[in-house]
Amino acid sequence: MKVALQSVEAILVDLPTIRPHVLAMATMHRQTIVLVRIRTADGIQGIGEGTTIGGLSYGEESAEGIKLAIDTYITPVLATCDLGRVAETMAAISRHVVGNRIAKSAVESALLDVAGKRLGIPAADLIGGGRVRDSMPVAWTLASGDTGRDIEEAEAMIAARRHNIFKLKIGKRDVRADVAHVAAIKRAIGDRGSVRVDVNQGWDETQADLGMALLAEAGCDLVEQPVARDALAAMARLSARHALPLMADEALHGPRSAFTIAAHAGARVFALKIAQSGGLLPAREVAAIADAAGVGLYGGTMLEAGVGTAASAQLFATLPRLAWGTELFGPLLLTEEILEEPLVYADFALQVPDGPGLGVAIDEDRLARFRRDRTAPTLHVLGGRG
Ligand code: MUC
Ligand code: MG
């Protein structure tokens, strides 16, 4: 029987961060997430999340644009679809909406939540034939902007057994100053943790050559997106010249870009993100391309809150190879929890929620407190049962 749409809500939610998060292109003091709530005519509610970083400074989609794409262009397509058929619904959306991968990922997550709830199984069982792991390692990003504070933060994380993989945000300062910062943190942590960097496209190829050579000496394990996302030839040359693995992040936009990067040996590792890929299903295709090409996988984040993090975890739980772990720490960077039950982080890992669908529920009181349109929610209500 066709599963018809009852209503769609795309809700902007502003959540403060626990400290300023300093990236090469922006300093975050809060995170804006877009929560999507899809209700079906037969009474099931699915939730999804679309989130980006730093307004429009990271990519082409902003939180406000994600909401607009869903409200104005995706909702009318959803109204024509059998929502029980997730892949078919997403294909219909893609016929009408080009790009807008984060918006699509949020909607696809909500549809998988609906589908899982209908069948009483986790989303992982729908998309990948089930889990191959119940928990996954989680990195923490040190990005306070201050070396001493970052070391204190790393020490506290190790002591609490929460994280022992650290990603350092660099690319804003002179290369040597950045490497000195990384080297100081690695010296303090020693063998108790892995230190990696994310340059967020901050370098040109010459700077990257110098940076990668110095970072290797400093004991860094991985360099994420050192050069511009469209500098594929430079990524390939850097990958060929340096033993230190280069990870593609901003360069990845779903399966086709993954194939192109892999075919040109532009990266040794992929930062796999459901948002950047356009959903869990296309992200799984990216993972398959990586596996076939011998490219390592790292479970990436767009610093989503609980819903997007749970959706990512549902996918990452199904991947046979996840050599570099994940960075699904988004909810821990926020001062406010909007899930009824927070995700569980313990022993350096995130536990995969095991309820039906995404396995998480929204705390409605907290959502009401932090949604941007506290007085006038946008709810698209469509016809009755169909
Ligand atoms: C990015 O570029 O990888 C992920 C973790 C973090 O601190 O920032 C993000 C975005
Ligand atoms: Mg990155």
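Just follow the structure's listing: the first ligand is 1, and inside any ligand the first atom is 1. Here, residue 1 is the first one in the sequence, and each next residue gets the next number.
Considering only heavy atoms from C-beta on, V197 stays 4.5 Å or farther from E224 through its side chain. Considering only heavy atoms from C-beta on, R366 comes within 4.5 Å of E336 through its side chain.
Using modelled atom types, one side-chain atom of Q201 and one backbone atom of R229 make a donor-acceptor pair closer than 3.5 Å. Looking at R118, its side chain never comes within 3.5 Å of a backbone N or O of G84 through a donor-acceptor pair. Of the possible donor and acceptor atoms, none in the side chain of H242 sits under 3.5 Å from a partner among the backbone N and O of L238.
Among residues at least two apart or in separate chains, side chain to side chain donor-acceptor pair (under 3.5 Å) pairs with a member in residues 20-31 are R19-H21. The side chain to side chain donor-acceptor pair (under 3.5 Å) contacts involving residues 346-362 comprise R161-D347, where partners must be two or more places apart or lie in separate chains.
Across all their heavy atoms, D249 and Q276 have their closest contact at O-NE2, 2.9 Å.
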For L142 and K167, what are the C-alpha separation, side-chain angles and deciding distance, and is it a side-chain contact (heavy atoms from CB on, under 4.5 Å)?
CA-CA 6 Å; L142 298 171; K167 165 159 143 175; over 6 Å; no
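Among protein atoms, those of element N, O or S found less than 2.8 Å away from the Mg ion (ligand 2) are D198 OD2, E224 OE2, D249 OD2.
Residues of the protein with a heavy atom under 4.0 Å from ligand 1 are H21, I53, Y58, T141, K167, K169, D198, N200, E224, D249, K273, T301, L303, E327, F329, listed by chain and number.
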